[in-house]
Structure formats: structure tokens, C-alpha cells
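Reviewing the structure listed below.
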Amino acid sequence: MLLRRLFAMLVPLLTLVVVVGLLVLAMQHFDQGQPEPVAQAVTRQPQYTLDDAEWTRIGADGKPVFHITAQTIDYYPDESITLHTLTMDHLAQGTSPWRLTAPLGEVPAHQQRVRLENDVIVTGQLKDDTPLRLTTTQLWVDQQRQQIYTDQPVTLTGANGQQAHATGMLAQIDGDSVQLLHNVKVDYAPAAKK
């Protein structure tokens with residue numbers, strides 16, 4: 001008899017536990033609903049775009065600091081600038097011997113430096129009239145420091161075809177000097193036969 005009473009009390013209690021468990025499982029299923037959408041990649045949109053553009057930066061003294069021609073120049077709300085297919089020259093108020101070309105350039109937000117990227121070519125000559133050609137993948141032009149520099153691999157070619165390879169380069173904008181910084185290797189071309 002006692003067992004029957006105990007069983008009669010346990011059956012409704014067990015039924016209640018099963019019903020609550022089923023409700024919890026159902027609520028979890030409804031809470032999952034649709035999966036959250038994957039965040040879309042934010043595409044940076046320029047505020048202004050100039051096509052077939054020329055840009056001359058003027059210094060505080062009213063004289064040109066540099067001149068850039070570019071296929072396009074994009075100006076962004078954060079004040080950064082992207083340049084496509086560009087040539088940069090007339091550095092240091094036109095006294096610099098360097099002419100720089102690159103498929104891509106950038107002026108980071110709130111900076112005055114210009115970074116050139118992807119197959120950068122620098123041509124010019126030192127003050128002693130030695131012509132040089134330098135190639136690299138990335139290069140900074142820093143007017144404040146009056147330097148052109150990179151920490152990437154560079155190849156420097158002289159007038160007689162001699163080449164030097166290095167990691168990193170530092171040049172003065174005025175053409176006074178070019179320093180190859182690390183792992184410098186020079187290929188000497190054989191002397192021409194007379």
C-alpha cells in the first residue's frame with residue numbers, strides 16, 4: 001500500500017520533469033533561429049577621386065616640395081591618399097635628381113610621407129654625375145627627413161651595368177649619397193675589351 005502511494009506521487013512528479021525538459025529543449029531550438037549573417041567586409045570608399053591627376057605639394061615657404069602625376073588619386077575621409085600608376089619627381093623644390101615610378105602609392109592618414117609599392121623604380125644620379133637605377137618592392141619618400149628609404153630587398157644598377165643587391169637602402173633626397181644597409185652583394189661586370 002505504501003508502495004502504491006509512493007508510486008502515485010512519483011508518476012506526476014516524473015511527468016512534470018519530462019514536460020519541463022521537453023519545454024527547455026524546445027525553447028533552445030527556437031532561440032537558435034536563423035544563424036547570424038557573416039559580417040560583410042567593409043570596403044573603403046574614397047571621398048574624392050581624381051583621374052589623370054597632377055599633385056604638387058607646396059611647402060611652408062611657398063616653394064614646391066614634390067610633384068606627382070598619377071592615373072588616379074583617391075582621397076579618403078581619414079585624410080589618407082592612395083595613388084595609382086604614379087611618377088614622383090621635383091623632390092626638394094626640384095633640386096633632387098631622383099625620379100620615382102610605381103604602380104601604387106599611399107600617404108597614410110595624418111602623415112606627410114609617401115610610400116611607393118609594387119615594382120618601384122628610382123632613376124637619377126649622384127652629385128658626382130654617376131647615373132643609378134634602383135628597384136625594390138616598397139619605398140618611403142620622407143620630405144621631413146629629406147630621405148628616401150626602404151627595409152626591403154633592393155637592386156642597384158650603375159652606368160656600366162654593375163649591380164649591387166642588398167636588404168634596405170637609405171638615400172638623401174638631394175642625391176648626395178646612397179647607402180645599401182644589409183647583406184650587400186656586388187656583381188662586378190667584366191671590363192670591356194678594346
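Treat the numbers as computed from the prediction; the structure is a model and nothing was measured.
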Check whether Thr136 reaches the backbone of Pro153 with its side chain - one donor and one acceptor, N or O, closer than 3.5 Å. yes
Quick check: do Ile81 and Tyr48 have side-chain heavy atoms less than 4.5 Å from each other? no
Evaluate Leu156 against Met169 for side chain to side chain contact (heavy atoms under 4.5 Å, CB included), listing each step before the verdict. CA-CA 10 Å; Leu156 185 66; Met169 181 277 304; over 6 Å; no
How close do Val154 and Leu180 get, heavy atom to heavy atom, and via which atoms? CG2-CD2, 3.8 Å
Passes side chain to side chain contact (heavy atoms under 4.5 Å, CB included), Asp174 versus Gln146? Steps please. CA-CA 8 Å; Asp174 64 6; Gln146 290 292 294; 5.8 Å; no
Closest non-hydrogen atom pair between Ile73 and Ala53, with its separation: CD1-CB, 3.6 Å
Less than 4.5 Å apart, side chain to side chain, heavy atoms only: is that true for Ile148 and Ile173? yes
Do the non-hydrogen side-chain atoms of Leu100 and Phe66 ever get within less than 4.5 Å of each other? no
Any donor-acceptor pair under 3.5 Å from Thr150 side chain to Gln138 backbone: yes
Would you say Trp98's side chain and Gln172's backbone share a donor-acceptor pair under 3.5 angstrom? yes
Can you list the residues that meet the side chain to side chain contact (heavy atoms under 4.5 Å, CB included) rule with Thr82, with sequence neighbours excluded? Arg44, Asp74, Tyr76, His84, Leu104
Work out which heavy atom in Asp119 is nearest to a heavy atom in Pro103; give both atom names and the distance. O-CD, 3.9 Å
In terms of heavy-atom contacts, Gln125 and Pro131 come closest through CB-CA, 3.8 Å
Residue from Gln143, Arg57, Gln144, Arg145 passing side-chain hydrogen bond (donor to acceptor under 3.5 Å, both in side chains) with Gln112: Arg57
Looking only at heavy atoms, what is the nearest atom pair of Ser80 and Ala109, with distance? CB-N, 3.6 Å
Do Trp55 and Leu50 touch side chain to side chain, with heavy atoms closer than 4.5 Å? no
Would Trp140 and Gln111 count as a side chain to side chain contact (heavy atoms under 4.5 Å, CB included) here? Give the steps. CA-CA 12 Å; Trp140 286 95; Gln111 292 191 27; 4.3 Å; yes
Given Asn183 and His165, is the side-chain hydrogen bond (donor to acceptor under 3.5 Å, both in side chains) satisfied, shown in steps? CA-CA 8 Å; Asn183 305 318; His165 306 277; over 6 Å; no
